[in-house]
Amino acid sequence: EPEVTQTPSHQVTQMGQEVILRCVPISNHLYFYWYRQILGQKVEFLVSFYNNEISEKSEIFDDQFSVERPDGSNFTLKIRSTKLEDSAMYFCASRIPYAYEQYFGPGTRLTVT
Amino acid sequence: GIQVEQSPPDLILQEGANSTLRCNFSDSVNNLQWFHQNPWGQLINLFYIPSGTKQNGRLSATTVATERYSLLYISSSQTTDSGVYFCAVEDSGGGADGLTFGKGTHLIIQP
């Protein structure tokens, strides 16, 4: 069964560094999402992406964040200058058009020191 | 935006017991999904159920869209059922809105 994959599974970075989190959505999916979950809290929506542009974004998704689909398979989330409070689990999700079920990847645990 | 409330926040049961988890939401939805977060933090998709009833083994779910609630039933609980269960919804306003998650129910199954 096809699944969403994410790399790396765990990333440790120093405050102020740039990080790129990578996702490979399911191949025929056209809607892509990023979510984050700070330890012990609920999962929060960051951004959705369709047709090579951002569809919706939350208040969390400020100028420090950007998303890109650099080729036909990858979907990336970049954090330009990481802060301690960016430490969280980041989930990628995808879905097909005209069906609303979202398929989640296993997550990347980001630790900012 | 849409509000999601889950109850109870915590539930401790003995192995073999049955449980019912509830999710209330404040608006009409295109999407409602139940997830189990395992000890490694992964979100395991249990059900996509914006309306109706579904069953998968010992788990079943019912969503009554007109009354804006969903229930997740776990029968004959096992210790591996322990973890956090999240309900997540997407309102029916169109576009590519993200899912709004509830705060979860933390389930502990004791041997």
Side-chain angles (χ1 to χ4, degrees), chain A residues 1-6 9-10 25-26 29-61 67 75 87-111, chain B residues 1-7 9-10 21 23-25 27-52 54 56 61 63 65 70 83-106 108:
Chain A
E1 184 175 326
E3 52 186 30
V4 177
T5 59
Q6 291 186 240
S9 57
H10 190 187
I26 296 172
H29 288 195
L30 298 180
Y31 287 84
F32 314 116
Y33 304 81
W34 284 102
Y35 296 81
R36 80 169 186 192
Q37 183 184 31
I38 295 170
L39 186 64
Q41 299 186 20
K42 67 177 183 178
V43 180
E44 300 172 290
F45 166 71
L46 291 178
V47 65
S48 61
F49 190 86
Y50 171 71
N51 201 24
N52 283 321
E53 60 182 24
I54 290 174
S55 293
E56 305 281 347
K57 59 182 181 178
S58 72
E59 294 174 350
I60 304 168
F61 193 87
V67 289
F75 179 52
S87 294
M89 181 78 99
Y90 289 81
F91 294 101
C92 172
S94 67
R95 71 170 175 90
I96 59 175
Y98 312 116
Y100 294 99
E101 183 175 9
Q102 294 184 26
Y103 294 79
F104 279 69
T108 292
R109 187 173 299 280
L110 176 66
T111 302
Chain B
I2 194 166
Q3 304 297 312
V4 181
E5 291 186 8
Q6 291 187 244
S7 59
D10 300 283
L21 282 56
C23 172
N24 292 332
F25 46 96
D27 208 341
S28 58
V29 297
N30 283 329
N31 182 3
L32 188 146
Q33 292 181 242
W34 282 98
F35 296 90
H36 176 212
Q37 188 160 42
N38 66 20
W40 296 272
Q42 296 175 341
L43 289 171
I44 309 303
N45 188 18
L46 299 176
F47 293 104
Y48 165 70
I49 188 164
S51 63
K54 290 186 179 180
N56 184 3
T63 298
S70 183
V84 184
Y85 289 79
F86 288 105
C87 168
V89 303
E90 178 179 356
D91 69 35
S92 57
D97 294 343
L99 291 169
T100 299
F101 282 72
K103 293 183 178 179
T105 290
H106 187 194
I108 297 174

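To find a chain, count down the sequence lines: A is the first, B the second, and so on, and within it residues start at 1.
- A distance of 14.0 Å separates CD in Gln37(B) from NZ in Lys42(A), rounded to the nearest 0.5 Å.
- Here the straight-line distance linking atom OH of Tyr100(A) with atom CG of Asn30(B) works out to 4.0 Å at 0.5 Å rounding.
- Here the CZ atom belonging to Phe86(B) is positioned 5.0 Å from the CD atom belonging to Gln37(A), to the nearest 0.5 angstrom.
- Most heavy-atom pairs under 4.5 Å with chain A: of the set Pro50(B), Ala88(B), Gly41(B), this distinction falls to Gly41(B).
- Note that OH of Tyr103(A) and CG of Asn45(B) are 7.5 Å apart. Values are rounded to the nearest 0.5 Å.
- When each of Ser9(A), Gly107(A), Pro106(A) is scored by its heavy-atom pairs under 4.5 Å with chain B, the top score falls to Pro106(A).
- The greatest number of non-hydrogen atom pairs below 4.5 Å with chain A, out of Thr100(B), Asn38(B), Leu43(B), is found for Leu43(B).
- The closest side-chain heavy-atom distance from Tyr33(A) to Leu99(B) is not below 4.5 Å.
- Using a 4.5 Å cut-off between heavy atoms, Phe91(A) touches chain B through its side chain atoms alone.
- Within the 4.5 angstrom heavy-atom criterion, only side-chain atoms of Tyr35(A), from C-beta onward, approach chain B.
- The main-chain N or O of Gly98(B) is never found under 3.5 Å from a side-chain atom of Glu56(A) such that the two would form a donor-acceptor pair.
- Interface summary for chain B: among Gln41(A), Glu101(A), Lys57(A), the most heavy-atom pairs under 4.5 angstrom belong to Glu101(A).
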